[in-house]
There are 2 protein chains.
Amino acid sequence: MATKTAAQRREQARIEYDAFLKSCPTNQLLDRISDKWVSLVVAALATGPMRYSDLGRKIAGVSPKMLTQTLRSLERDGLLTRSVTPSVPVRVDYELTTLGDNLARLLTAVKDWAETHFDEVREARERYDTEGADTGADEVRARQK
Amino acid sequence: MATKTAAQRREQARIEYDAFLKSCPTNQLLDRISDKWVSLVVAALATGPMRYSDLGRKIAGVSPKMLTQTLRSLERDGLLTRSVTPSVPVRVDYELTTLGDNLARLLTAVKDWAETHFDEVREARERYDTEGADTGADEVRARQK
DNA sequence: CGGGATCCCGATAGATACTG
DNA sequence: CAGTATCTATCGGGATCCCG
């Protein structure tokens with residue numbers, strides 16, 4: 001048998017680790033709230049029920065595909081309900097469930113944290129970005145992204 | 001001038017919205033904690049300082065590139081410190097700052113939420129995935145992903 | 001109005017190889 | 001040991017067309 005390379009061993013580890021992460025509730029939730037649109041949808045619905053196109057307008061930059069996809073996944077997780085009214089033009093309303101409302105509150109906590117500590121982060125960034133500029137080194141330039 | 005299509009108007013809106021989101025502290029933080037490796041690194045360092053390769057081993061599936069990238073961004077945001085000890089083989093230690101420790105606590109809150117409500121989410125998913133299966137419809141099959 | 005199906009492109013994660 | 005540089009494969013997300 002061949003000696004495994006570092007990359008091979010890491011790949012093996014990655015597979016196991018990935019499996020572990022998928023079964024980890026924390027990570028699953030993190031995946032959820034980290035979705036670009038999820039937080040926006042939840043925030044929009046936090047003020048009350050909304051129709052599909054209202055959401056599309058309120059969130060502005062979202063494509064119908066992503067909006068639907070986001071709503072479906074949230075519905076699947078029991079975070080919101082989808083109610084269809086079969087009128088002449090169909091009407092679909094979305095509304096947060098108790099659980100969804102609960103998530104909205106968690107997001108509020110995150111938001112509060114962000115607003116509280118954002119100044120510190122900004123200062124840290126400025127320090128980091130200018131550090132070394134006065135010491136004569138200019139290798140930092142490339143790091144600006 | 002040509003009449004703008006819906007897609008064109010949405011694209012315009014998306015650009016503005018993106019700009020807004022980038023300036024929004026909440027979203028910036030959300031981007032941070034949603035990063036796959038950030039939460040893992042922060043969690044690993046929450047128990048104490050660690051060396052580069054220790055982190056690489058503890059997190060298992062990470063490539064050196066991503067580890068470095070993650071550590072750099074966290075350092076830039078003032079969430080951890082990087083201290084180099086120029087011994088024979090170089091030694092680099094990473095340690096959470098007060099702010100980083102604070103973030104770790106926020107992540108703990110998220111984790112608690114996840115563990116508390118995960119059962120509800122799981123139940124909702126099972127209900128959603130089996131719904132319609134007994135009503136004779138089998139279009140749900142394709143949704144299994 | 002509220003979507004589903006399909007094609008396609010750009011960003012980005014990760015593998016590989018090299019350096020101080 | 002602690003990274004950096006380069007290349008490639010993947011995949012999320014948008015555009016587009018169409019249906020109920």
Side-chain angles (χ1 to χ4, degrees), chain A residues 4-15 17-18 21 31-32 34-38 40-41 49-57 59-75 80 82-94 137 139-143 145, chain B residues 4-15 17-18 21 31 34-38 40-41 49-73 75 82-94 137 139-143 145:
Chain A
K4 290 180 181 175
T5 68
Q8 282 175 321
R9 261 180 283 109
R10 201 176 51 242
E11 194 198 347
Q12 177 60 27
R14 236 198 57 231
I15 294 170
Y17 213 70
D18 275 6
L21 287 181
D31 275 359
R32 181 96 315 144
S34 66
D35 186 289
K36 184 182 176 183
W37 305 113
V38 166
L40 296 170
V41 168
M50 272 191 152
R51 298 182 56 177
Y52 182 85
S53 43
D54 287 338
L55 281 169
R57 237 165 289 119
I59 302 187
V62 72
S63 67
K65 175 186 171 183
M66 290 318 292
L67 184 54
T68 301
Q69 202 176 98
T70 304
L71 290 168
R72 285 290 185 280
S73 70
L74 291 176
E75 185 194 359
L80 54 80
R82 173 174 180 271
S83 43
V84 184
T85 310
S87 40
V88 188
V90 201
R91 176 197 173 101
V92 183
D93 286 272
Y94 292 93
E139 325 84 356
V140 191
R141 200 66 41 83
R143 196 134 305 287
K145 186 202 171 190
Chain B
K4 290 181 181 174
T5 68
Q8 283 175 318
R9 260 180 285 107
R10 200 175 51 242
E11 196 200 344
Q12 178 61 27
R14 237 196 55 233
I15 294 170
Y17 213 70
D18 276 6
L21 287 180
D31 276 0
S34 67
D35 186 288
K36 184 182 177 184
W37 303 115
V38 166
L40 296 170
V41 168
M50 271 191 150
R51 298 181 56 175
Y52 182 86
S53 45
D54 287 337
L55 281 169
R57 236 166 287 119
K58 177 146 189 178
I59 302 186
V62 73
S63 67
K65 176 187 169 182
M66 290 318 292
L67 184 54
T68 301
Q69 200 174 100
T70 304
L71 290 168
R72 286 289 187 283
S73 71
E75 185 195 358
R82 173 175 180 271
S83 42
V84 184
T85 310
S87 40
V88 189
V90 202
R91 175 198 174 102
V92 182
D93 286 272
Y94 291 94
E139 327 83 357
V140 191
R141 199 66 40 85
R143 196 132 306 287
K145 186 206 170 185

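Every value quoted in this text rests on a predicted model; they were computed, and no experiment measured them. Naming convention: chains lettered A, B, ... in sequence-line order (proteins, then strands); numbering from 1 in each chain.
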Every protein N/O lying under 3.5 Å from an N/O of nucleotides 9-13 of chain D:
unit_1, atom_1, unit_2, atom_2, d
D:dG13, N7, A:Lys65, NZ, 3.2

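Phosphate contact (OP1/OP2 of D:dT4, side-chain N/O of B:Tyr52, threshold under 4.0 Å): absent. The side chain of B:Arg51 contributes an N or O atom lying less than 4.0 Å from OP1 or OP2 of D:dA2. When the side-chain nitrogen and oxygen atoms of A:Arg82 are compared with OP1 and OP2 of C:dG2, none of them lie within a distance under 4.0 Å. At C:dG2, none of the side-chain N or O atoms of A:Arg57 fall inside 4.0 Å of OP1 or OP2 (strictly under the cut-off).
Pairs engaging residues 50-66 of chain B under the salt bridge (charged side-chain N to carboxylate O under 4.0 Å, His left out) rule: B:Asp54-B:Arg57 [sequence neighbours left out].
Contacts of A:Ser83 classified as side-chain contact (heavy atoms from CB on, under 4.5 Å), with partners at least two apart in sequence or in another chain: A:Asp93. Every residue was checked against the side-chain contact (heavy atoms from CB on, under 4.5 Å) condition with B:Val88, not counting sequence neighbours, and none meets it. Evaluation of the side-chain contact (heavy atoms from CB on, under 4.5 Å) rule for B:Pro49 yields B:Glu95 as partners, not counting sequence neighbours. Not counting sequence neighbours, B:Asp31 has no partner by the salt bridge (charged side-chain N to carboxylate O under 4.0 Å, His left out) test.
Of the residues in residues 85-92 of chain A, those placing a heavy atom less than 4.0 Å from an atom of DNA chain D are A:Val90, in numerical order.
In terms of heavy-atom proximity, B:Leu67 sits nearest to B:Val62 at N-CG2, 3.7 Å.
Two end axes, each from the C1' atoms of five base pairs, can be drawn for the helix from C:dC1-D:dG20 to C:dG20-D:dC1; they diverge by 50°, to 10 degrees.
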